[in-house]
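Remarks on the structure that follows.
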Amino acid sequence: MKKNEIRKHYFQDKYVIISPKRGKRPHRTKVAGDEEKAGKECFMCPKGKVKVIYDLPDLSGGWLVRVIKNIYPALSLDNKYAYGKQEIVIESPDHEKEIHELSIEHIRKILDVYSERYESLVRLEGIRYVIVFKNEGGKAGESINHAHSQIIALPMIPPLIREEILAIDDYQMEHKSCPHCDILKNEKKSPRVAWEDKHIFALCPYASEYPYGVWFIPKRHVSSLGDMTGDEKLSLAKAMKHIIGRVEDLGLNYNYFFHNSIDDCNHHMILEFAPRPNVWAGLELGTGIIINTIPPEDAAKFYRGESKGGVTGR
Ligand SMILES: [Zn+2]
Ligand SMILES: [Zn+2]
Ligand SMILES: [Zn+2]
């Protein structure tokens, strides 16, 4: 890519300026020595005193994945002024392991737990939307080092989600097809394919808002994790392990979050992966227009192992 480009989202009214800086690498957002060693007082370790909601047992009487109550929730079911529910998914009993260092089978089990908790929270009285997400690294909002993700049940449909839902509905009215199924078709042979197998397509989207951003799109039209078969979830786990591992090699913080369908909409679920090397500044906050210094074509090359990453503008 020689010149900068303003790019529009596939089907939403969202814009990105792709602006590669020649030879510049995004800043490492992880600092060496950042992660403290297993603290005796880490409440996410097996000995921690916590309110357990759900344990996925291992074979020796312990657990592989644990769900606990958020200790300082912003929302709770007994507060009608800030109604909702927050849970924490502890991804492994091992304090030292990050998610991409776990086995594919283990990551698949984390997905099973996400699905289990999602289905149970979405059925709660007064809950309109449930978001499953992960913050990894201080700049992505992580405050505890033990690998974990979060689930928040909200009493409203958040504005960003509502916009997306409306855009998908409009697209379906106009094209008589699902936008994500169409993206799968149209991007099949594009230079933006980061990873794929029989079940999962990992795409660096055309108007990527994040350097090295990826959408994990199930190839079959499923509306939630609960709709996915065991094989499909195993593929997603494999894709996540590869993509997250590559971004960890670059030392970048990241977030990921599921775009789940609501109610009977039957929209195509995707998992969005958002590395966060940059702090958004005035332009981003004031206009919603994002500058991304890593063209998605370069990001995909990096994930396919054809480049070292960070180096752009070639
Ligand atoms: Zn711990
Ligand atoms: Zn961490
Ligand atoms: Zn679809």
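Note that these values count all heavy atoms, side chains included, but never hydrogens, waters or copies made by symmetry. The first residue in the sequence is number 1, and the count goes up from there. Counting starts at 1 for both ligands and their atoms, following the listed order.
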Please evaluate residues Q150 and N135 with respect to the criterion side chain to side chain contact (heavy atoms under 4.5 Å, CB included), reporting the C-alpha separation (whole Å), side-chain torsions for both, the decisive distance (0.1 Å), and the verdict.
CA-CA 8 Å; Q150 301 188 52; N135 305 329; 3.7 Å; yes
At the Zn ion (ligand 1), what's the angle from C45 SG to H95 ND1, rounded to 10 degrees?
110°
Round to 10° and report the angle made at the Zn ion (ligand 1) by SG of C42 and ND1 of H146.
110°
Quick check against the 3.5 Å criterion: does [X] have a side-chain atom that pairs as donor or acceptor with the backbone of [Y]?
X    : Y    : answer
E91  : S149 : yes
Y303 : Y212 : yes
R7   : Y206 : yes

Rounded to the nearest 10 degrees, what's the angle ND1 of H268 makes with SG of C178 at the Zn ion (ligand 3)? Could you check?
110°
Which N, O or S atom name in H221 marks its closest approach to the Zn ion (ligand 3)?
ND1
